[in-house]
> 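Below you will find the structure I want to go over with you.
Being a predicted model, the structure only gives us computed values, none of them experimental.
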Amino acid sequence: MNGLLQPLRRFWDGLRPRERLMVSTAAVITALTVFYLALWEPLHQRNEQLRARLAEQRALLVWMEERAAEVRALRGGPAPGRLPAGDSLLGVIDRTARGADLKGRVSRIEPDGEDGVRVWLDGVAFDALVRWLARLQRQYGLTAASAVIDREGPGKVSARLVIRGGRA
């Protein structure tokens with residue numbers, strides 16, 4: 001290392017004070033220019049590109065949500081947050097439970113007031129239960145007003161639910 005610095009040291013010692021100031025100033029300016037061109041500017045440009053892409057993606061999401069609502073309307077399916085016309089809350093709960101890998105696991109369903117249903121499930125896979133509740137929320141606006149869930153074994157639970165909503 002000393003062998004490389006010796007020629008630089010001799011060069012520096014051979015400069016007059018004013019020349020040393022000029023070389024030091026040029027070195028600082030060069031270092032700042034390299035920092036700006038090699039690091040700062042590319043990062044700044046990438047940040048701007050990502051911001052523009054995020055705005056495009058958000059606009060695309062809004063467009064897709066509008067189209068999804070149109071598709072649902074054209075298919076004649078229920079509007080989100082509403083029960084299908086002429087369908088009862090008990091019917092929706094029973095039908096969706098059968099289609100959600102909960103068939104045979106529903107031990108009892110009974111009304112709970114005008115806008116509620118009590119549901120008892122035994123030996124149901126926890127993941128299937130959560131997916132079913134999410135579907136009820138997403139498609140029909142139904143929510144679990146209360147839930148008592150007990151573990152029965154690895155991945156299996158028993159649940160006592162009160163589900164409400166569906167009238168918009």
Side-chain angles (χ1 to χ4, degrees), residues 28 30-168:
V28 168
T30 301
L32 290 174
T33 302
V34 167
F35 170 77
Y36 178 79
L37 293 175
L39 295 173
W40 185 261
E41 184 61 21
L43 288 175
H44 180 69
Q45 286 178 354
R46 181 68 177 149
N47 188 24
E48 291 301 316
Q49 289 171 348
L50 290 173
R51 285 178 193 259
R53 187 167 179 209
L54 177 62
E56 291 171 3
Q57 294 296 320
R58 284 183 175 158
L60 179 60
L61 175 63
V62 168
W63 181 85
M64 290 176 76
E65 287 173 343
E66 290 170 354
R67 298 302 78 78
E70 288 177 15
V71 168
R72 276 192 299 272
L74 291 172
R75 285 186 178 167
R82 296 198 60 173
L83 295 177
D87 212 344
S88 71
L89 186 56
L90 284 169
V92 168
I93 297 295
D94 185 53
R95 185 178 65 250
T96 58
R98 279 185 274 133
D101 298 331
L102 303 178
K103 187 176 183 180
R105 302 296 179 193
V106 178
S107 60
R108 190 168 156 194
I109 300 176
E110 67 182 37
D112 186 60
E114 287 186 28
D115 69 338
V117 172
R118 291 186 182 274
V119 182
W120 285 260
L121 300 123
D122 295 311
V124 64
F126 180 76
D127 292 347
L129 175 65
V130 171
R131 281 192 302 272
W132 178 61
L133 290 172
R135 179 178 175 211
L136 290 175
Q137 168 65 39
R138 185 179 59 250
Q139 287 186 339
Y140 304 105
L142 302 175
T143 58
S146 69
V148 176
I149 300 174
D150 296 314
R151 183 175 185 213
E152 287 190 355
K156 300 286 184 184
V157 297
S158 65
R160 308 297 173 256
L161 308 168
V162 175
I163 298 174
R164 298 202 181 284
R167 302 283 180 219

> In the structure I gave you, are the side-chain heavy atoms of Leu43 and Arg46 within less than 4.5 Å of one another anywhere?
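No - every pair of side-chain heavy atoms lies 4.5 Å or more apart.
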> Under the side chain to side chain donor-acceptor pair (under 3.5 Å) definition, can you give me all pairs with a residue in residues 123-133, not counting sequence neighbours?
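Sorted pair list: Thr96-Trp132.
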> How long is the span from the CZ atom in Arg160 to the CG atom in Asp150, to the nearest 0.5 Å?
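Nearest 0.5 Å value for the CZ-CG distance: 7.5 Å.
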> Could you check whether any side-chain heavy atom of Ile149 comes within less than 4.5 Å of a side-chain heavy atom of Leu129, counting everything from C-beta outward?
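Yes, at least one pair of side-chain atoms sits under 4.5 Å.
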> Between Arg138 (side chain) and Leu133 (backbone), is there a donor-acceptor pair under 3.5 Å?
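Absent.
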> Taking salt bridge (Lys or Arg N to Asp or Glu O under 4.0 Å) as the definition, give me every residue that meets it alongside Arg67, ordered by chain and number, with sequence neighbours left out.
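Listed in chain order: Glu70.
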> To the nearest 0.5 Å, how far apart are CG in Leu60 and CD in Gln57?
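The distance works out to 5.5 Å.
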> Is there a donor in the side chain of Gln45 and an acceptor in the side chain of Glu41, or the other way round, less than 3.5 Å apart?
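A pair is found: one side chain offers a donor N or O, the other an acceptor, under 3.5 Å apart.
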> Under the criterion side-chain contact (heavy atoms from CB on, under 4.5 Å), which of Leu136, Val106, Leu161 is the partner of Ile93?
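Output: one option passes, namely Leu136.
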> Once rounded to the nearest 0.5 Å, what's the spacing between atom CG of Leu32 and atom CG of Leu37?
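With rounding to 0.5 Å, CG (Leu32) is 11.0 Å from CG (Leu37).
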> Among residues at least two apart in sequence or on other chains, which ones pass side-chain contact (heavy atoms from CB on, under 4.5 Å) with Arg108?
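Glu110, Trp120.
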> Start with the C-alpha gap between Glu152 and Val157, add the side-chain angles, then the distance that decides, and say whether side chain to side chain contact (heavy atoms under 4.5 Å, CB included) holds.
CA-CA 5 Å; Glu152 287 190 355; Val157 297; 5.7 Å; no
> To the nearest 0.5 Å, tell me how far Lys156 NZ sits from Ser158 OG.
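Rounded to the nearest 0.5 Å, the NZ-OG separation comes out at 12.5 Å.
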